[in-house]
2 protein chains.
Amino acid sequence: MSTVENARAKAVTLRDVARAAGVSLSTASKALNGRADVRPETRRRVAETAERLAFRPNAAAQLLPTGRTGTVGLITSDLEGRFSIPILMGAEDAAGAGKMSVFLCDARDDTIRERYHLEALLSRRVDGIIVVGSRTDPRPSLGHDLPVPVVYVYAPSDSPEDLSLVPDNVGAGRLAVEHLLATGRRRIVHIAGDPTYAAARDRVEGVTAALAEHGLDLVGGRPPAYGAWSEAWGRTAARALLEAEPDVDGVVCGSDQIARGVLDALKDLGRRVPQDVAVVSFDNWEILATGSVPQLTSVDMNFESLGRMAARRLFAAVDGTRERGTLTQPCRLVVRGSTVVGA
Amino acid sequence: MSTVENARAKAVTLRDVARAAGVSLSTASKALNGRADVRPETRRRVAETAERLAFRPNAAAQLLPTGRTGTVGLITSDLEGRFSIPILMGAEDAAGAGKMSVFLCDARDDTIRERYHLEALLSRRVDGIIVVGSRTDPRPSLGHDLPVPVVYVYAPSDSPEDLSLVPDNVGAGRLAVEHLLATGRRRIVHIAGDPTYAAARDRVEGVTAALAEHGLDLVGGRPPAYGAWSEAWGRTAARALLEAEPDVDGVVCGSDQIARGVLDALKDLGRRVPQDVAVVSFDNWEILATGSVPQLTSVDMNFESLGRMAARRLFAAVDGTRERGTLTQPCRLVVRGSTVVGA
DNA sequence: CTGAAAGCGCTTACAG
DNA sequence: CTGAAAGCGCTTACAG
């Protein structure tokens, strides 16, 4: 049920408005832009005409003289993941209601594609570029001779000349442990994520540091169990750990996915969560964290806030205030039933 | 660890290139655009100069004379969900490597925001607009007097004057049932999603229609169990249904979330999946469908393909071939272990 | 083969 | 208070 046809209106231009209102181009422009020195009656007439013709100023032409485009490019390699979207939303918020429009480009972790999109964005004269990676490991810089500022988010640039914003995964590890300790747990294990990821290693670092500060260690002095970012790994590791250390009373999971697997295993083993064992994880991925029984206590990476900060830094750079280096942004613990009864 | 500083280069213009190469603006333009009537030596010199200065043509200025911008707007209300991203990727693919850049706008299911973004996009003179909704229920049209073509995806426009593309949820329901029947199941129940969603009702329609065609009905002739798009609903409903109809051998779940709850309940009840009961669902949301034991057989909505189609239709409309009405796109069954042993 | 000129849609000094 | 003119960065007939 669809029919074909031909159509297409031509965009209304300021010249059309001026002509219809019987004034010159410049007067029409001044009238619509609220500049002084226009007779009120004229201003009204032009405004009405513009309204009637549904005139929408051509943003590009409007900004041509200023050299700005009111446009930002967002190159991401994490479109299927969860980082870029909240970051985009934060950036949109920071820009302020519609002042700035965002080009979203999907680089798919491919250097060629990334380069390609970069060129396209520069051709479109974006005022600045945000680059979002899929992991917190440093990535190659896009270079320092670009005509517009660049901010790297989540995946930092490997060059100290660039500005990067990353979540504080070490701090996140600390948050998880401090919370377990606060709920009275002492025999804690850590089922970590993929060891090739800086995020996994940083979280481990935070976990062990926080324990050490309290004179504790991972149960049995065992090393953190690295594995994969998957439910399957959570299940496997939990079974093995609880066999080796039956009196565990707290589990820090490298991610919500891992935690879901851990919850399943604990249930199979007849352990009550949180009464017997408390479970805390990272990411706070809603769909996973709130679907389980009990729901997951999880450390949120604050992506949206990261996006807002990135956008603010980018706008500052566009205005001439450029920063360098890697900025770390704190994470935030969200408490639910897997660590506190009834939470 | 970050330092502040001031910087900013001015974008290189064609005039700069022409001057540096010692030719006129027009010659520089012709040389770079491969037009005939330029001495090879001149062409080479200009090209080298452009390269050396890292000249990037201003896309807006380049297209100004044509009236096109090589730009598309994507207004979505499903940024946190899963529809808009694959749709965006499909659209990007259809456009062809970087020919077209996409403005992504987040309407957040708010008419005001949507209107606002629409105006901003029109001001930026996008060549066309794709509107993505968060549910398949018809939504208000943006209007028919817009200067550029609009394609509605996932959420169709309520006006037959508009072009809309939606997944075939009725067909999806059929696919699910046909598959269960093919694996020998006959005593089938349906734990449906939120009844206020057309998607939930359409899937139910497909499920019952397919059963009827085989002379079957839902077990016990009971109505489909409508509820919510959640794991909790899946758990609750599965327990109730299996108590009422203990010999069920197949469950169609309204979504992967529901299916995850159903799997949990079946496990608690001691039913083996798929040996005793087969489970099939909709959406094929990787993170949910591949994390469970067994993994979920699920009907994929083909969002990426939907996005490609939308982009192609949009480009056709931009070129003057406009269609109207609602087009339905088939879904695709992905078989995994919840219906077939070892799949 | 090369370049001066007009035009794409706007804004902004600068005259009147 | 109003308008003619220049300019933002490019392309494209049109002269030379």
Side-chain angles (χ1 to χ4, degrees), chain A residues 9-47 49-50 53-71 120-127 147-148, chain B residues 9-47 49-50 53-71 120-127 147-148:
Chain A
K10 190 104 180 74
V12 176
T13 145
L14 182 59
R15 168 168 275 109
D16 300 330
V17 176
R19 187 149 26 202
V23 297
S24 76
L25 241 189
S26 14
T27 299
S29 171
K30 281 178 273 192
L32 292 178
N33 292 317
R35 324 205 96 249
D37 298 339
V38 177
R39 192 148 48 106
E41 147 63 12
T42 307
R43 187 189 303 284
R44 196 176 325 118
R45 186 153 38 92
V46 172
T49 311
L53 300 183
F55 168 68
R56 296 179 185 95
N58 181 323
Q62 216 166 7
L63 291 172
L64 241 189
T66 77
R68 298 261 173 102
T69 56
T71 271
L121 290 174
L122 292 175
S123 261
R124 299 213 181 274
R125 293 294 185 268
V126 292
D127 295 333
V148 298
Chain B
K10 191 106 182 68
V12 175
T13 145
L14 183 59
R15 169 168 275 107
D16 300 330
V17 175
R19 189 150 26 204
V23 298
S24 75
L25 242 189
S26 15
T27 299
S29 171
K30 281 178 272 192
L32 292 179
N33 293 316
R35 325 204 94 250
D37 298 338
V38 177
R39 192 149 47 108
E41 147 62 12
T42 306
R43 186 190 306 283
R44 196 176 326 120
R45 185 153 38 91
V46 173
T49 310
L53 300 182
F55 168 68
R56 296 179 185 94
N58 181 322
Q62 218 167 5
L63 291 173
L64 242 188
T66 76
R68 298 260 174 102
T69 57
T71 270
L121 290 174
L122 292 176
S123 262
R124 299 212 181 273
R125 294 293 186 270
V126 293
D127 295 333
V148 298

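Being a predicted model, the structure only gives us computed values, none of them experimental.
In this structure, OG1 in A:Thr49 is found 11.5 Å from CZ in A:Arg44, a value given to the nearest 0.5 Å. Rounding to the nearest 0.5 Å gives a distance of 11.5 Å between CG of A:Asn58 and CG of B:Leu122. Atom CG of residue B:Asp127 and atom CG of residue B:Leu121 lie 11.5 Å apart, to the nearest 0.5 angstrom. Interatomic distance, B:Arg15 CZ to B:Ser29 OG, rounded to the nearest 0.5 Å: 12.5 Å. Expressed to the nearest 0.5 Å, how far CG of B:Leu53 lies from OG1 of B:Thr13 amounts to 10.5 Å.
For D:dA4 and C:dG7, the P atoms lie 16 Å apart once the distance is rounded to whole Å.
Residues A:Leu32 and A:Leu14 have side chains in contact (heavy-atom distance under 4.5 Å, counting atoms from C-beta outward). The closest side-chain heavy-atom distance from A:Val12 to A:Arg56 is not below 4.5 Å.
One interatomic measurement links the two molecules: CZ of B:Arg124 to P of C:dG9, which rounds to 18 Å at whole-angstrom precision. Note: CZ (A:Arg15) to C1' (D:dA5) measures 13 Å, nearest angstrom. Put simply, CG on B:Asp16 is 13 Å from C1' on D:dC8, counting in whole angstrom units. Distance, A:Arg125 CZ to D:dG9 P: 8 Å, rounded to whole Å. The distance between atom CG of A:Leu122 and atom P of D:dC10, rounded to the nearest whole Å, is 13 Å.
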Per-residue pairing states of DNA chain D in dot-bracket (Watson-Crick or G-U under 3.5 Å; . unpaired, | other strand) read |||.||||||||.|||
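The side chain of A:Ser29 places an N or O atom within less than 4.0 Å of a non-bridging phosphate oxygen (OP1 or OP2) of C:dT11. Regarding contacts with the backbone of D:dC8, every side-chain N or O of B:Thr13 stays at 4.0 angstrom or more from both OP1 and OP2. An OP1 or OP2 oxygen of D:dC8 is reached within less than 4.0 angstrom by no side-chain nitrogen or oxygen of B:Asn58. Between B:Arg35 and D:dT11, a side-chain N or O to OP1/OP2 separation shorter than 4.0 Å is absent.
Listed for the A:Thr71 side chain is no donor-acceptor partner under 3.5 Å among the backbone atoms of A:Val126.
If you run salt bridge (Lys or Arg N to Asp or Glu O under 4.0 Å) between A:Glu41 and each of A:Arg39, A:Arg43, A:Arg45, only A:Arg45 comes through.
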Pull out every protein N or O sitting under 3.5 Å from an N or O of nucleotides 1-4 of chain C, one pair per line with the distance.
| unit_1 | atom_1 | unit_2 | atom_2 | d |
| --- | --- | --- | --- | --- |
| C:dT2 | OP1 | B:Arg39 | NE | 3.3 |
| C:dT2 | OP1 | B:Arg39 | NH2 | 3.2 |
| C:dT2 | OP1 | B:Thr42 | OG1 | 2.6 |
| C:dT2 | OP2 | B:Arg39 | N | 3.1 |
| C:dT2 | OP2 | B:Thr42 | OG1 | 3.3 |
| C:dG3 | OP2 | B:Ser24 | N | 3.0 |
| C:dG3 | OP2 | B:Ser24 | OG | 3.4 |
| C:dG3 | OP2 | B:Thr27 | OG1 | 3.0 |
| C:dG3 | N7 | B:Lys30 | NZ | 3.3 |
| C:dG3 | O6 | B:Lys30 | NZ | 2.3 |
| C:dA4 | N7 | B:Ser26 | OG | 3.2 |
| C:dA4 | N6 | B:Ser26 | OG | 2.8 |

